[in-house]
There are 2 protein chains.
Amino acid sequence: MVLEPWEQKAQTVRDYRDASLAKVDPPLGPIPNPLPLNSLDLPRQLLTAREYELTQNYDAIALLRMLRAKEVSSEELTRAFLRRAAIAQYAVNCVTELMWDEAIERAKYLDSLADPLGPLHGLPISIKEHQGMKGKKVNASYVSWIDHNSEDGLLNDTLYNAGCVFYVRTTGPQLMMHLECSSNIYGRTVNPHNRNLTCGGSSGGEGALVAMRGSVLGVGGDIGGSVRGPASNNGVYGFKPTCPRISTKGKKIGMAGSEAILSTYGPLCSSRETINLFMKVALDCEPWRIDPTLTPIPWSPVTLAKPLKIAIEWDDGVVKPHPPVIRALREVAEVCRKAGMEVIDWVPLDHSKAWDIISALYFVDGGENALAPVIEAGEPILPLTKFIIHEQPTVKSHTIAEFWKLCVERDAYREAYAKHWTATAASSTGEVDLILCPAVPGCAPPHETARYWGYTAQWNLLNYPGVVFPVTTVDQAVDLREESYQPRNDKDRYNYDLYPGPERYEGAPVSLQLVGRRFCDEKVMAGLEAIEKAMGRE
Amino acid sequence: MVLEPWEQKAQTVRDYRDASLAKVDPPLGPIPNPLPLNSLDLPRQLLTAREYELTQNYDAIALLRMLRAKEVSSEELTRAFLRRAAIAQYAVNCVTELMWDEAIERAKYLDSLADPLGPLHGLPISIKEHQGMKGKKVNASYVSWIDHNSEDGLLNDTLYNAGCVFYVRTTGPQLMMHLECSSNIYGRTVNPHNRNLTCGGSSGGEGALVAMRGSVLGVGGDIGGSVRGPASNNGVYGFKPTCPRISTKGKKIGMAGSEAILSTYGPLCSSRETINLFMKVALDCEPWRIDPTLTPIPWSPVTLAKPLKIAIEWDDGVVKPHPPVIRALREVAEVCRKAGMEVIDWVPLDHSKAWDIISALYFVDGGENALAPVIEAGEPILPLTKFIIHEQPTVKSHTIAEFWKLCVERDAYREAYAKHWTATAASSTGEVDLILCPAVPGCAPPHETARYWGYTAQWNLLNYPGVVFPVTTVDQAVDLREESYQPRNDKDRYNYDLYPGPERYEGAPVSLQLVGRRFCDEKVMAGLEAIEKAMGRE
C-alpha cells in the first residue's frame, strides 16, 4: 500500500513517539491483546508493587510531602510515572512522547540538590502536546506543523522553575476544537474506564493519562470545555480559571491574535488540593509582569463566611442531561442540604443564544485560518471538525464590522447574565454563591458523538471559572432511560438517543461542575472543598 | 444664504445649547468683545465675589468638606459653577448644554437631605457630551446622531449615586479622535490661556472648562491621549487609568465592539487628590459586578516604601519636545533628586513602531464605520479627521486574519516593553518605579497642528496608567528655540517648525506626565504625591 505524503509525515511522528516509548526500562511485560474494555487494572498487572503504590495511592500534595521527607526520590517517582504513562499509552493511546532520558536526568539533578528548587520539587508533571515544550517540536495535531519548533511557554517555565519534572506529552484532537481526542497524526485516544467511550477533548490525552494515574498533575487548555470535558469523562479533577489569569504564551494555534473568546490553560489532576497548588504556583511568580495579557490578581484563597448558597442547574433548557448526571446532581444537592447549605434551582438565561454567540466567535473567519494547515497537508478534515465549523450555522467569514457587532452581542449577553446573577441577591437569603451543574450532558459519550458543548462553553462565553469533580459512576440498576421523555429540539433528541440505557456506559464515571462568577476562582475552590467535605471526602 | 441640511440640523443643536445658556440667572454682564487672548480673568470680572471665591479657591476635596460642614449649600455652589461654566462657554466655546433647572433642582434635593447621599454629596461635576447623560440626547459630535437618545452610563450612575450634581456637558471633536476639539456641530473650543492655541482633545471641552474653573471635576475619555492632552494643554490634572478599570458602558461611539485598543474614562480636575477621590468613588461600588468588561481590582492606595526611582523620558526618539517641556522635565528632575529620589534616563523602545501598531488598530476597518455617520450627514470631514484616518499609512481595511496579525504584533510589542522595563531591575538600585515624560511634545499647539500623538498614545498601546500635572508656564526669557537642531524625520521637523520661539505660546501652561506599569495606577498617584511634595506643593 502506498501512503499519501501526509500519511508518511504522520508516520514519522508516530515513529518518534514509539521510539520514545521503547526507552522504557525495564521494558513492560506483555500488554493484553485484545485490550480489556476497562484499562484501569493494567498498571497493577504490569508495574512493580512499589511503582504501583507510588503512582496509585497518592495525589501531588502527598507525593510532594514524601519527596520533601525523602521517603521517595524524584528519580524513583519519575521512573514509576514514566512506566505507568507508557502503560497508559498502550492502553488508551494518550501519549505523543515519553521523555525518558530527559526526565530521569532532570530528576537526578533535583535529587542532587541540597534544598528544594521550589514548591513542585521533584514532581513529575504531564503537558498537552500543543502547549509546546522547550527544545521540542510542536504540531498541535496538524500534519503540516510536524517540523515546527516549540516556543518557550511561560507556564511551563513557571512549573519548571518550581522544580517539576516534565516526563510526558499528551494527545489532542484536530484543531484542538473537538470535545473528543482524535487526529490524523496520533489516531484516537479512548476512555480508560470504557474504551468504547471517548476520553473527551481537547485535553483528552491528559484526562485519560490522569485517570490511568500515569500522571497526578497534567496541564490542558480550555476554550469551550477542553479541560472540563475530559476531566468529567475520565472522572478526574479539572479546573478552568477565569481568563486571563494563566498565561498561554507559547501555545501553538492556528488563529493567533484571536481574542474575542479567550482560552486558558488549566490543571487536570487526581485531587482538589492539587488544583489549589497549581494555581498558587502559576500565579505566585507574578506572570503578569512578563505576559501583558494577564490580569494581575494573585491567587488568594478565601474562607467561606457562611454556609454556601448553591443553585443547581438541572438542565440548561436546551439539552437535558442523561439520568446518571441528574442523579449525581440530586445526590450532591442532598448532602449539601444536610450539611446546612442552601440549595435552590438555577434558572438558565437563554443558553441557546450563548452558543450562537460563542460558536460564531470561535471561527469568526469562517474557520479558514484554523483549517488552512489541514488543507495544506492534504490530511482529511475529521467529522468533529466539520461539525464545529461547517455544521454550525453561525460560523462564517465576518467583516470587521460584523465581527464588532458580534462582540457587542457577546458583551450584552455577559451583562445580562451578570444582572441575572446579581438579581438573586433580592432573596432574603442573599445572592447565589455558586452554580452546580453538569460538565457534559451525560457520561463520556461514544466516539464521534460529543456534539453538545453547552454545559461547558456557556461558562467560557461568560468567562466564569468552573471546576469539575468526580461524583459517582453509572449505576446499571438505577440510571434507567427516561422512556417517556419528549425531546425539545434536534440537539436534545440527539443527546437523548445517545442514552438507550446504562449498559452502554458501563464503568463510566459521572462528574459535576461547580461554577462561580467571573474572577471568583478562589471561591469556586473553597465551595468545592465545602461540597466534598459534605460528601464525606477530605 | 441657504444652509445645507446638515448645517440646519447642527444649528438646531446650537440653538438648544444657547437656550440652555439663556437660563443663566441672574444673566451675566456684557462679555468683552473682542475676547481677550487669555480668558482666565473673565470670571473675576463677571461673577459675584462669593461666586468667584467658591469657584476659584477650592478643589473638589475642599468643596466637599465645606458642603459637609454646611459652609456652603449645594444649591449655592451649583449656581456659582453654572454661571462660571456659562462664562467659560462665551470665552472658549466648551459647553454643549448647561443643565440649569435640573442641576438646581438636584442641588436643592441634596440640600434637603438630613444625611449626605454619598462621598460626592452636593458637588457639581461636568461630563463630556459623548459620554451621554440619562434622559438626554447624545450626538458625539456627529450631525447624523443629533436625535439619538443617550443610554444609561454606569459611571454617571455611580457618580450620581455618590451624590453629585450634573450641571454641564462639554464639547469633543469629530470622531472623538482629534487631539484638538473642533466639530461641525459646536465649532472650535479654544485654549483659555491663549485662544490662538488649542485646548486639546478629544476631552477638550472638559480641559478648557476646568482651566476656566467652570468645573473642579470633569469626566473625559482617553484612547490616545484624549484626557491627558487636554489636561496638559490647559494646565490641569488629568488621569488615564489602566483599562479596563473604569466602565465606559453607555458611551456613544461609531465602532462599538472594537476592543483591540481599549478606551477609558478619566478625570480632569483641579487637584491631584481629586483624582484619588474620583477613582475611589468609581471603584468602591464594584462596577465589575455590573459591567463584565471590567477588571475586579478595587482602588487600593499604596504607600511608597522607599524613595522613588524615576526614569525621565526626555525624548521618545521620534519627535523632540519643545524647549519649555525639556525645561519642565529638568526642573522636576532636579527637585526630585534634591528630595532624595533616584533619577535616571529612560531609554524608549521603538516608539515609532508603537504608533504604527496603535494607529492601525484604531481604525482596523479603514475608518469606514467611524466615518459612516459623517458621510451620511453630508458634513465635511475635518482636516484632523483626514489626518488620523487618511494620512496614516497604517490605516486600512483589514481582513479578520490581518487583524489577528496586528493583535499579535501588539502583544509582542507589549511583551517586549514589559521585558524592557523589568530589565531595569538588574541595576543595583532596583527597578524603575515610574517614567516621567512629556504628555504632548510642547505646550498647547496652534489650531490644526496637534498631529503627534506619540507621547500619550504610547501608553494607551501599552495600557499603562498615566497622570498629567501642571508644572510651569512658558518663560519668554528662557524657553528659546534651539536654533541648531536638525530634525530627524518629517514628524520631528513638523513639530520643530511649530516652535519659532516662546512668543507664540504666551501664557501657555507646561505640563508633564507620570507613567507606571500596567495596573500600577495607585503607585502612579503615590508617585505624583511624592513629586508634588518635592515641588513644594501640598
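What you see below is based on every heavy atom in this structure, not just the backbone, and it leaves out hydrogens, waters and symmetry mates. The model shown is predicted, which means the values in this text are computed figures rather than measured ones.
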Looking only at heavy atoms, the pair that brings B:E259 and A:C407 closest together is OE2-SG, 3.8 Å
Pair count under 4.5 Å, heavy atoms only, with chain B: among A:L406, A:T422, A:T242, A:D411, highest is A:T422
B:R410 side chain to A:G257 backbone, donor-acceptor under 3.5 Å: no
Applying a strict 4.5 Å limit to non-hydrogen atoms, the region of B:W421 in contact with chain A is neither
For A:A418 and B:I290 the tightest heavy-atom approach is CB-O, 4.3 Å
Check: Is there a side chain to side chain contact (heavy atoms under 4.5 Å, CB included) between A:D291 and B:E415 once you walk through the steps?
Finding: CA-CA 6 Å; A:D291 178 348; B:E415 200 181 315; 5.5 Å; no
If one checks every heavy atom of A:E431 against chain B at 4.5 Å, the contacting part turns out to be side chain
Surrounding NZ of A:K280 (heavy atoms of other residues, nucleotides or ligands, distance under 6.0 Å), is the total greater than 12?
no
When the 4.5 angstrom heavy-atom criterion is applied to B:N369 and chain A, the contacting part is side chain
Those residues at least two apart in sequence (or on a different chain) that pass side chain to side chain donor-acceptor pair (under 3.5 Å) with B:N149 are B:K137
Item checked: A:F403 and B:F403, any side-chain heavy atoms less than 4.5 Å apart -> yes
Of the listed A:H398, A:E409, A:K405, A:R517, the one with the largest count of heavy-atom pairs under 4.5 Å with chain B is A:R517
So, the part of B:T399 with a heavy atom under 4.5 Å from chain A: the answer is backbone
If one checks every heavy atom of A:R518 against chain B at 4.5 Å, the contacting part turns out to be side chain
Next on the checklist: Side chains of A:V364 and B:W404, heavy atoms from C-beta outward: is any pair under 4.5 Å?
Outcome noted: yes
